[in-house]
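Just so it is clear, the structure is predicted and the values come from calculations on it, not from any experiment. For the single chain, residues carry numbers from 1 onward in sequence order.
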Amino acid sequence: MLWIFLLPIIGLGLAFLINLIFPRAQFRGYDILPFFFIAACNLITIQRNIPSFLPYGFLIYFILAIIISVKSAIKNKNISLGRTFRKLWNYLAASTALWYLGLLVVLFIV
């Protein structure tokens, strides 16, 4: 149960440390957060003994990623692969953080 809270805190600490060490890098510290949030989400589903929807969530995420890539390619005609990956990774970071918060609510309410 303790790891459910420690993993995101460790991830946030590492993100802060990365931002301090590499202030002008193309990547930011929050780029590593999905790894910690996904592991914490998996621990919550194990703790509650409920089915894990992580594979289905990633399937939906990658379907949405393909839709965004196609939309961007049609709109811009000349797609920047690096910019597209950056946008998709930012969406992944945001969705894993929201997913973690939602599962915490489920953990304490249900």
Considering all heavy atoms of both residues, which atom of [X] and which atom of [Y] are nearest to each other, and what is their separation?
| X | Y | result |
| --- | --- | --- |
| N19 | G29 | OD1-N, 2.8 Å |
| W3 | P8 | O-CD, 4.3 Å |
| L14 | F36 | CD1-CZ, 3.5 Å |

In Å and rounded to the nearest 0.5 Å, what is the [atom1] to [atom2] distance from [X] to [Y]?
| X | Y | atom1 | atom2 | value |
| --- | --- | --- | --- | --- |
| N42 | T45 | CG | OG1 | 4.5 Å |
| I9 | L2 | CD1 | CG | 8.5 Å |
| I4 | L103 | CD1 | CG | 9.5 Å |
| C41 | L104 | SG | CG | 8.0 Å |
| L12 | F37 | CG | CZ | 5.0 Å |

Residue pair [X] / [Y], side-chain heavy-atom distance below 4.5 Å:
| X | Y | value |
| --- | --- | --- |
| T96 | F35 | no |
| Y100 | I38 | no |
| L107 | M1 | yes |
| D31 | I18 | no |

Can you hop from [X] to [Y] via hydrophobic side chains spaced under 4.5 Å?
| X | Y | value |
| --- | --- | --- |
| L7 | I46 | no |
| F5 | F16 | no |
| I10 | I44 | yes |

* Asked: Counting only N and O atoms by type, is there a donor-acceptor contact under 3.5 Å from the side chain of R28 to the main-chain atoms of P23?
  ->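 Between the backbone of P23 and the side chain of R28 there is a qualifying donor-acceptor contact (under 3.5 Å).
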
* Near-ring test Y91/W99, centroid separation under 6.0 angstrom ->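 They do not qualify: ring centres at least 6.0 Å apart.
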
